[in-house]
Amino acid sequence: MDLHARKQMPLFPIGIVQKLTGLSARQIRYYEQHGLVKPARSEGNQRLFSFHDVERLLEVRSWLDRGLNMAGVKAQLARGANGTSDAKRNEPTDRDLYKWMQQQMLGRPDAGSHEFQGELSRFYRRK
DNA sequence: CTTCTGACA
DNA sequence: TGTCAGGA
C-alpha cells in the first residue's frame, strides 16, 4: 500500500479534524454539504476523514482566510488550483502530521488510551 | 462523552 | 456561523 492510498484511508472523526484544521464542526459539515470534502461514513453514520480530506480542508481554510466566499473556493477547486503562499506556509507537512499521529499513538498513560490508537495503527500497519 | 441532523430566540 | 434540541 503506497502513501497515496493511505492518504485516502478513512481515519479520524470530526473532533480530530477540528483540531487539525482549526475549523468548527459546523464549518466542516457545511463545507461537506457544498461538496468541498467527501468524508467516508462509519457504520454508525459517523464521518471519517482521511488525510486527503484534512489537506483539502486546510486548503479551503487558507482561501477563506484570504477573503474568498464559498463560490470563490469552489472556483479554485474547480480550476484545480493548488494552495498558494499562505496555504503552503501554514499547511502542516506530512511529517508534521505523522509526528502528531505518533504522539497520539504513544499516548498519554494518564489520559487513558484512545480507540483512536487502534484506528491509527491501521495507517502504519504494513500491507 | 462524541457525533448527527435540522433549525433559528 | 454559533448553538440548541433530540436521538444514536
Side-chain angles (χ1 to χ4, degrees):
Chain A
M1 186 187 288
D2 58 33
L3 180 60
H4 183 69
R6 295 183 191 225
K7 289 177 74 172
Q8 317 289 318
M9 297 172 69
L11 299 174
F12 9 72
I14 199 165
I16 298 300
V17 178
Q18 287 189 68
K19 294 174 181 173
L20 254 34
T21 66
L23 293 169
S24 66
R26 181 75 172 77
Q27 290 176 299
I28 296 171
R29 295 182 181 122
Y30 180 68
Y31 302 151
E32 177 189 21
Q33 289 189 298
H34 285 262
L36 273 39
V37 289
K38 322 199 174 3
R41 294 286 179 143
S42 67
E43 290 183 14
N45 194 42
Q46 304 283 78
R47 267 169 275 250
L48 289 180
F49 300 79
S50 65
F51 273 101
H52 206 133
D53 294 322
V54 173
E55 289 168 1
R56 163 55 56 78
L57 249 17
L58 286 169
E59 203 167 36
V60 168
R61 201 192 70 160
S62 75
W63 287 323
L64 259 30
D65 288 344
R66 278 179 275 170
L68 282 76
N69 51 38
M70 237 4 43
V73 173
K74 288 183 179 178
Q76 295 298 306
L77 292 178
R79 177 199 302 169
N82 211 299
T84 330
S85 55
D86 285 6
K88 287 301 179 186
R89 268 186 276 100
N90 303 321
E91 196 172 293
T93 63
D94 284 350
R95 268 196 61 70
D96 291 331
L97 291 173
Y98 297 163
K99 183 179 296 181
W100 177 84
M101 292 195 307
Q102 294 184 323
Q103 285 174 42
Q104 296 301 309
M105 293 188 80
L106 290 176
R108 298 156 301 191
D110 54 297
S113 54
H114 319 278
E115 57 279 50
F116 190 61
Q117 295 180 2
E119 288 304 315
L120 269 184
S121 66
R122 292 173 46 207
F123 184 86
Y124 286 105
R125 186 149 302 150
R126 196 56 187 171
K127 192 194 79 55

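Note on naming: letters A, B, ... go to the chains in the order of the sequence lines (proteins, then strands), and numbering restarts at 1 for each one.
- Side-chain contact between A:Glu59 and A:Gln76 is absent, with no heavy atoms from C-beta onward closer than 4.5 Å.
- With distances taken from any side-chain atom of A:Gln27 to the nucleotides C:dG2, B:dT3, B:dC4, the minimum falls on C:dG2.
- Nucleotide B:dC1 forms no Watson-Crick or G-U wobble pair with any nucleotide shown, as no partner meets the under 3.5 Å limit on both distances.
- Side chains of A:His4 and A:Gln8 form a contact here, defined as non-hydrogen atoms less than 4.5 Å apart.
- When the side-chain nitrogen and oxygen atoms of A:Arg47 are compared with OP1 and OP2 of B:dC4, one or more of them lie within a distance under 4.0 Å.
- A heavy-atom distance below 4.5 Å is found between the side chains of A:Asp53 and A:Pro39.
- Going from atom CD of A:Glu43 over to atom C1' of B:dC4 covers 16 Å, rounded to whole Å.
- Look at CD on A:Glu32: it is 11 Å from C1' on B:dT5, rounded to the nearest Å.
- Per the geometry, CZ belonging to A:Phe49 stands 11 Å off C1' belonging to B:dT3, to the nearest Å.
- Regarding A:Ile14, its CD1 atom lies at a distance of 9 Å from the C1' atom of B:dC4, rounded to whole Å.
- A:Arg29 has its CZ atom 8 Å from the C1' atom of B:dT5, to the nearest Å.
- Between the CG atom of A:Leu48 and the C1' atom of B:dC4 there is a distance of 13 Å, rounded to whole Å.
- Here C:dT1 sits opposite no nucleotide as a Watson-Crick or G-U wobble pair (both hydrogen-bonding atom distances under 3.5 Å).
- Judged purely by atom type and a 3.5 angstrom limit, A:Arg56 has no side-chain atom pairing as donor or acceptor with the backbone of A:His52.
- Contact annotation: A:Gln46 side-chain N/O to B:dT3 OP1/OP2 distance is not under 4.0 Å.
- You'll find a donor-acceptor pair under 3.5 Å spanning the side chain of A:Arg26 and the base of C:dT3, going by distance alone.
- Across all strands, A:Gly44 comes closer than 4.0 Å to no nucleic acid atom at all (heavy-atom distances).
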Discussion item. With side-chain contact (heavy atoms from CB on, under 4.5 Å) as the criterion, how do A:Arg47 and A:Arg41 come out once you've worked through the C-alpha distance, each side chain's angles and the decisive distance to 0.1 Å?
Written reply: CA-CA 5 Å; A:Arg47 267 169 275 250; A:Arg41 294 286 179 143; 2.9 Å; yes
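- Here C:dA8 presents its P atom at 16 Å from CZ of A:Arg41, a figure rounded to the nearest Å.
- OP1 or OP2 of C:dT1 lies within a sub-4.0 Å distance of a side-chain N or O belonging to A:Tyr31.
- With rounding to whole Å, A:Gln18 atom CD is found 12 Å from C:dT3 atom P.
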